[in-house]
2 protein chains.
Amino acid sequence: MGPDSATAPCEPRGDADEVAARLRSAGLSPTRRRRQVLEAIEHRQRPVGAHELYVELARRGHGVGMSTVYRALSALAEAGLLHAFAGDGETRYRLCTAGRHYHLVCRRCGTVREYPADDDGAWLDRIAAEADFEPDPRKAEVQGVCGSCLRADRNGTDG
Amino acid sequence: MGPDSATAPCEPRGDADEVAARLRSAGLSPTRRRRQVLEAIEHRQRPVGAHELYVELARRGHGVGMSTVYRALSALAEAGLLHAFAGDGETRYRLCTAGRHYHLVCRRCGTVREYPADDDGAWLDRIAAEADFEPDPRKAEVQGVCGSCLRADRNGTDG
DNA sequence: GTTTTTGCAAATGATTTGCAGAGCT
DNA sequence: AGCTCTGCAAATCATTTGCAAAAAC
């Protein structure tokens, strides 16, 4: 099918099995493309768009079609393995871990950090109580500027 | 220009002046189209997309072009009068008031409520301190289910 | 009268879809 | 064999842009 399919029927080296297992427990069949997408995305700090990921996969020698990239990203996001960030015209995706957390998005460098939802006196629970609203911890985004960018700004301004 | 332009050079009745003033203080010239857009959007509970707004304006007898709607929405959002919600393929806009607040988005009915950012023990400030991150209160979104929808669900399930 | 805004139509860009072939069970 | 996944090309949908007429200051 793709240029890399000649390598082996499937490449079971490294933590490929772990990735496959993760797909399975999310309720998805661990197809080669989905594994490649998840492997390509999982160590990134900032959300990746479909086209950028397509290029990255090509660079890795995986000849994945554009529509397959879109389909894989949607499937992974719907299964809860990725979080989708809309804005700037395209949707970008980032790994989303299991625990209760929300997302700190740096508008300067684009990095997204997961912040544990309970390290702050259960803020989300207070919303539930005080605002008559049941928040979904993993669907909360806070935009701002991360510490590194703040300090970079200051240095740029001062000196 | 439009079918309504024959009515009067400008329609200074009601709180049209107030809307114009709001545009001015946001740094925008209060053109007829911008006023019409702001008037059409400001009492809505849930964010409105460009096309929906276009239809609404047509219904009100304002023959506004599609690109003007887009331009007006972008201008108002950039000026801070509206908040833009991306997702589901299109960008939707909602009035955004002056105070420190974040947005509670009901995934069931789509309603967005502004929640004062200080009613919760300055949660955002704690993030700033604990997470090395400078949050922008007005760019924070929490998704979840609002009280009305929760109760509607329960009623639907029980009886 | 000059500058800004608007409308239209065409262009762009992201994403989806139809469909036939490939891959896995 | 049967069902899902994939790739390609075409279709779709939201949004942007070029440009000339219209409106505002």
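Chain letters run A, B, ... following the sequence lines, proteins first, then strands; residues in each count from 1. Note that the coordinates shown come from a computational prediction; the quantities given were computed from them, not determined experimentally.
Rounded to an integer number of Å, the gap from Tyr54(B) OH to dA14(D) C1' is 15 Å. Between Leu73(A) atom CG and dC5(D) atom P there is a gap of 15 Å when expressed in whole angstrom units. Taking atom CG on Leu76(B) and atom P on dT5(C), their separation rounds to 12 Å, with Å as the unit. Distance Leu23(B) CG to dT5(C) P: 12 Å, rounded to the nearest Å. Counting to the nearest Å, the C1' atom of dC13(D) and the CZ atom of Arg92(B) are 13 Å from each other. For the pair Arg24(B) CZ and dC25(D) C1', the interatomic distance rounds to 11 Å; values are reported in whole Å. Taking atom CZ of residue Arg71(B) and atom P of nucleotide dT17(D), one finds them 10 Å apart after rounding to whole Å. Rounded to whole Å, the distance from NE2 on His62(A) to P on dT6(D) is 13 Å.
Of all heavy-atom pairs spanning Val69(A) and Ala50(A), the tightest one is CG1-O, 3.7 Å.
Applying the ring pair (Phe, Tyr, Trp, His ring centres under 6.0 Å) definition to pairs two or more places apart or across chains, none involves residues 37-59 of chain A.
In this view, Arg24(B) satisfies the salt bridge (charged side-chain N to carboxylate O under 4.0 Å, His left out) rule with no residue, not counting sequence neighbours. With sequence neighbours left out, the side chain to side chain contact (heavy atoms under 4.5 Å, CB included) criterion links Glu78(B) to no other residue. Contacts of Ser29(B) classified as side chain to side chain contact (heavy atoms under 4.5 Å, CB included), with partners at least two apart in sequence or in another chain: Thr31(B), Arg34(B). Checked against salt bridge (charged side-chain N to carboxylate O under 4.0 Å, His left out), Arg46(A) has no partners two or more places apart in sequence or in another chain.
Between the side chain of Ser67(B) and the base of dC8(C), a donor-acceptor pair under 3.5 Å is found. Residue Arg33(A) places no side-chain atom within donor-acceptor reach of the base of dG7(D), judged by atom type and a 3.5 Å distance cut-off alone.
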Are there any protein N/O atoms within less than 3.5 Å of an N/O atom in nucleotides 10-14 of chain C, and if so, which ones and at what distance?
none

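Between Tyr115(B) and Tyr102(B), the angle of the ring planes lies from 30° to 60°, which puts this pair in the tilted group.
Both Ser29(B) and Met66(B) lie near DNA chain D, and the one whose nearest nucleotide falls closer to the 5' end is Met66(B).
At the heavy-atom level, Arg34(A) lies under 4.0 Å from the strands shown only through sugar-phosphate atoms.
Listed nucleotides: dT6(D), dT5(C), dG18(D). Nearest to the side chain of Thr31(B): dT5(C).
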Which pairs of donor and acceptor atoms, one on a side chain in residues 137-148 of chain A, lie under 3.5 Å apart (sequence neighbours left out)?
| from | atom 1 | to | atom 2 | distance (Å) |
| --- | --- | --- | --- | --- |
| Arg138(A) | NE | Thr97(A) | O | 3.4 |
| Arg138(A) | NH2 | Gly80(A) | O | 3.3 |
| Arg138(A) | NH2 | Thr97(A) | O | 3.1 |
| Glu141(A) | OE2 | His83(A) | NE2 | 3.4 |

Side-chain donor-acceptor distances from residues 86-96 of chain B under 3.5 Å, at least two apart:
| from | atom 1 | to | atom 2 | distance (Å) |
| --- | --- | --- | --- | --- |
| Glu90(B) | OE2 | Arg92(B) | NH2 | 3.2 |
| Arg94(B) | NE | Gln45(B) | O | 3.2 |
| Arg94(B) | NE | Val112(B) | O | 3.0 |
| Arg94(B) | NH2 | Val112(B) | O | 3.0 |

Task: Strand DNA chain C as a dot-bracket string - pairs counted if Watson-Crick or G-U with both distances under 3.5 Å, | where the partner lies in another strand - done: |||||||||||||||||||||||||
